[in-house]
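All heavy atoms count here, side chains included; hydrogens, waters and symmetry mates do not.
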Amino acid sequence: MARVSQEHLDARRRQIIDGAIRCFTRGGFHATSMQDVLREVGLSAGAVYRYFSGKEELIAAIVGEAFGTIKAAFEDAAKQDPPPLPDELLGHVLRTVLGGRVGGGGVEFPRLALQVWAETLRSEQLAAPLREGFVEMRAAWSLLVDAYREAGIMPDDVPADHVARTMMALAQGFIAQQALFGDARVEHLEGGLRALMRMEVPKAS
């Protein structure tokens, strides 16, 4: 029997994940069955269950992929000298998410993200990788804050973790707006953040 190449296995896994994303986005997590996913990807049950045991494992894979890509973007930014400012960095990361390179991309990702966040309140299988990803993201952002300080562009009077949580909240809030209202654009976030970064308290006359 001919040996299946790793390239083929990776392509099949990608096919299943992308099909599941379309199903979950279209019908919601609870309304979507594994049979729906099988029909969407045009594969047998045996072919799909070789990779994923069920819906929650599929979602966990999507979560892990998204966090991995976003975390890598932050880590790469921390290595730049000087590192990109928050407005530029968040803009780049969000365009990566919405541009189709994470979890299906496009308008699907924000809607799927909201479903995953809600489902983690019920499912420990999903909550565990989400918590792990959150911790890793905070660590990556904290490294970036250290890089800002070494470059002399951010004071050190606020703990790095506080800054990390704030920037992550901005990204999550943007994703929520995109999912709920559809009119949020990355340019809006970049421009608004740049304006906030330029604020100064007027000196007393």
Side-chain angles (χ1 to χ4, degrees), residues 21 24-25 62-121 129-205:
I21 289 171
F24 294 148
T25 303
I62 296 166
V63 170
E65 178 181 276
F67 271 124
T69 301
I70 297 170
K71 178 172 175 282
F74 284 134
E75 290 176 339
D76 289 344
K79 298 174 184 175
Q80 298 180 34
D81 185 22
L85 294 179
D87 59 319
E88 180 183 345
L89 177 62
L90 278 181
H92 168 70
V93 171
L94 288 168
R95 286 188 177 91
T96 298
V97 170
L98 300 176
R101 293 187 290 279
V102 178
V107 296
E108 295 176 337
F109 180 82
R111 295 177 61 188
L112 185 66
L114 285 193
Q115 292 186 52
V116 171
W117 295 341
E119 192 63 19
T120 56
L121 300 176
L130 194 67
R131 282 196 300 266
E132 181 180 345
F134 182 71
V135 170
E136 291 180 353
M137 286 292 297
R138 283 166 52 195
W141 250 109
S142 294
L143 288 175
L144 190 60
V145 172
D146 291 339
Y148 287 149
R149 289 172 175 169
E150 289 177 7
I153 56 180
M154 178 178 283
D156 58 3
D157 56 344
V158 176
D161 184 62
H162 294 188
V163 180
R165 287 174 178 269
T166 301
M167 299 308 299
M168 292 171 66
L170 283 172
Q172 289 175 306
F174 176 87
I175 290 170
Q177 284 189 24
Q178 181 65 253
L180 294 172
F181 309 115
D183 62 347
R185 297 174 57 186
V186 176
E187 293 80 4
H188 299 164
L189 179 69
E190 290 173 319
L193 189 51
R194 277 194 296 271
L196 291 172
M197 289 163 54
R198 291 198 303 265
M199 289 178 63
E200 294 183 8
V201 177
K203 295 181 180 179
S205 56

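- Contact record, A179 with L114: CB-CD1, 3.5 Å, taken as the closest heavy-atom pair.
- Nearest heavy-atom pair, L144 versus P83, reported as atom, atom and distance to 0.1 Å: CD1-CB, 3.8 Å.
- Between P110 and I175 the shortest heavy-atom distance is CB-O, 3.5 Å.
- Just one of P82, P86, P155 meets the side chain to side chain contact (heavy atoms under 4.5 Å, CB included) condition when paired with Y148; it is P86.
- L130 contributes atom CG, which lies 9.5 Å from atom CG of L121 (distance to the nearest 0.5 angstrom).
- Residue F24 holds its CZ atom at 9.5 Å from CD of E119, rounded to the nearest 0.5 Å.
- Scanning both residues, M154 and R149, for their nearest heavy atoms gives O-CG, 3.3 Å.
- Distance check, rounded to the nearest 0.5 Å: CZ of R111 to CG of L180 gives 10.5 Å.
- Across every non-hydrogen atom of M167 and L193, the tightest pair is CE-CD2, 3.9 Å.
- Atom CG of residue L90 and atom CE of residue M168 lie 11.0 Å apart, to the nearest 0.5 angstrom.
- Between H162 atom NE2 and R165 atom CZ the span is 7.5 Å, to the nearest 0.5 Å.
- Within 6.0 Å of atom CZ in R185, 12 or fewer heavy atoms from other residues, nucleotides or ligands are found, so the atom counts as exposed in its surroundings.
- Taking 4.5 Å as the limit, every side-chain heavy atom of H188 sits out of range of all side-chain heavy atoms of F174.
- Separating the CZ atom in R194 from the CD atom in E88 is a distance of 9.0 Å, to the nearest 0.5 Å.
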Task: Criterion side chain to side chain contact (heavy atoms under 4.5 Å, CB included) on L89 and W141, from CA distance to verdict - done: CA-CA 11 Å; L89 177 62; W141 250 109; 3.8 Å; yes
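- Across all non-hydrogen atoms, the minimal contact from D161 to R138 is OD1-NE, 2.8 Å.
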